[in-house]
Number of protein chains: 2
Amino acid sequence: MTDAGGPLDPRELRAWMAFLAAGHLIDHEIERQLKREADLSHPEFEVLVRLRMAEGNRLRMSHLAREAMVSKSRLTYQVTQLERAGLVKRTGCESDRRSVWAELTPEGIERLDRVRPGHRQLVRETLIEVLSPEEIDLLGDALTRVADRLRAR
Amino acid sequence: MTDAGGPLDPRELRAWMAFLAAGHLIDHEIERQLKREADLSHPEFEVLVRLRMAEGNRLRMSHLAREAMVSKSRLTYQVTQLERAGLVKRTGCESDRRSVWAELTPEGIERLDRVRPGHRQLVRETLIEVLSPEEIDLLGDALTRVADRLRAR
DNA sequence: AAGGTTCAGTTCAAATATGAACTAACTCTA
DNA sequence: TAGAGTTAGTTCATATTTGAACTGAACCTT
């Protein structure tokens with residue numbers, strides 16, 4: 001049994017540091033690309049993507065917050081900004097009057113579709129093309145497990 | 001040749017989404033643990049760790065910023081906060097009077113040593129223990145390559 | 001149907017982050 | 001050694017994030 005609070009062994013440490021570093025660095029590149037090509041922040045982009053994936057290009061705020069992994073108040077802010085920019089609109093929900101739909105506008109769809117090729121290209125360059133197909137599969141398996149565990153906590 | 005701006009194939013997408021999600025979720029847990037046990041934010045903790053790894057528990061601001069992957073102005077802010085909390089102190093550098101040393105105080109060392117076991121434990125629980133040793137090695141290799149590429153850009 | 005609880009979303013003030021502009025110090029070259 | 005260019009770090013104004021408190025609506029339970 002390893003010492004639970006003791007140092008990680010070198011290989012564990014290497015994996016952990018690489019995970020942290022790769023996360024920061026990729027995020028930084030993405031932030032730049034989105035800003036440059038569509039004047040969007042990464043969180044804003046995530047919101048648009050989740051909405052695009054949803055039925056009718058809309059989701060309730062609370063669902064959207066879970067999907068995009070942001071806090072309620074942060075989402076309120078983001079959606080307000082996106083609404084101001086004309087990319088999203090809010091609609092009251094008739095069946096549950098506490099809820100609010102956030103829905104992509106046509107301009108929102110257009111903006112997203114415009115920036116996505118560049119985004120995908122960047123994800124390819126920074127992550128996908130640096131890995132072998134086997135590594136991609138294994139990384140997908142491993143990190144899906146990690147994420148699922150955390151969501152179930 | 002795959003369409004550079006087209007959708008990722010399902011396995012690539014899975015890897016990418018898992019990478020994003022795992023990053024967010026782990027970061028969130030870490031943020032909570034550090035806050036709870038030592039009243040530190042993750043960026044603050046990173047700063048302390050980098051200093052602890054350095055010769056004499058000190059680094060120049062610009063070096064520290066690179067190590068911790070934060071902007072200059074962000075680091076200025078973080079170090080000011082840490083200084084206010086008595087965990088770090090600034091010292092002018094005689095050999096280059098533009099430079100500033102950020103150095104861990106004894107209390108900084110103490111605070112870091114106090115929170116690190118819990119931090120390591122959390123890294124183990126959320127990442128290490130969820131992976132097989134082979135996965136850890138492969139993840140380390142793969143993401144080190146990813147990070148190195150980005151640093152070399 | 002009253003009372004208690006939970007849930008969806010917003011608001012507010014305080015903390016933190018961003019990026020451009022700035023100061024001061026170093027380096028190099030002619 | 002003057003002047004141009006570079007580097008280290010800070011400052012400032014603005015933008016974003018955080019978390020706790022709040023409002024209103026739905027859901028129990030009796």
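Every value quoted in this text rests on a predicted model; they were computed, and no experiment measured them. Below, chains carry the letters A, B, ... as their sequence lines are ordered, and counting in each starts from 1.
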So does R145(A) have more than 12 non-hydrogen atoms from other groups sitting under 6.0 Å from CZ?
yes
Atom-to-atom span, [atom1] of [X] to [atom2] of [N] - whole angstrom:
X	N	atom1	atom2	result
H63(A)	dG9(C)	NE2	P	11 Å
E44(B)	dA17(C)	CD	C1'	13 Å
M61(A)	dG24(D)	CE	P	18 Å
L40(B)	dT16(C)	CG	C1'	15 Å
L59(A)	dG9(C)	CG	P	11 Å
K35(B)	dA15(C)	NZ	P	10 Å
E94(A)	dG24(D)	CD	P	21 Å
L75(B)	dT11(D)	CG	C1'	15 Å

Which word best sums up how the rings of F19(B) and F19(A) line up, parallel for under 30°, tilted for 30 to 60°, or perpendicular for over 60°?
perpendicular
When you match D96(A) and Q81(B) each to their closest nucleotide on DNA chain C, which lands nearer the 5' end?
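Of the two residues, D96(A) wins.
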For R74(B) and for K72(A), find the nucleotide of DNA chain C with the closest heavy atom, then tell me which residue's nucleotide is more 5'.
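Whichever sits nearer the 5' end wins; that is K72(A).
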Of the nucleotides [options], which has the atom closest to the [X] side chain?
X	options	value
R98(B)	dT7(D), dT10(C), dG9(D)	dT7(D)
R60(B)	dA26(D), dA20(C), dG9(D)	dG9(D)
S73(B)	dA8(D), dA25(D), dT11(D)	dT11(D)

When all nucleic acid strands are considered with a 4.0 Å heavy-atom cut-off, which category describes [X]: base, sugar-phosphate, or nothing?
X	value
R66(A)	nothing
S62(A)	sugar-phosphate
S99(A)	sugar-phosphate

Does Y77(A) put a side-chain nitrogen or oxygen below 4.0 Å from OP1 or OP2 of dT16(D)?
yes
For dA8(D) and R97(B) - does any side-chain N or O of the residue sit under 4.0 Å from the phosphate oxygens OP1/OP2?
no
Nearest 0.5 Å, please: how far is CE in M69(B) from CD in E46(B)?
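That separation rounds to 7.0 Å.
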Find the distance between OG (S99(B)) and NE2 (H63(B)) and round it off to the nearest 0.5 Å.
12.0 Å
A cation-pi test, strictly: NZ or CZ of R60(B) under 6.0 Å from the centre of the six-membered ring of W101(B) and no more than 45 degrees from its axis. Yes or no?
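Flagged: R60(B) positioned over aromatic ring of W101(B).
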Quick check on DNA chain D: between S71(A) and R90(B), whose nearest nucleotide comes earlier from the 5' end?
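The residue closer to the strand's 5' end, by nearest nucleotide, is R90(B).
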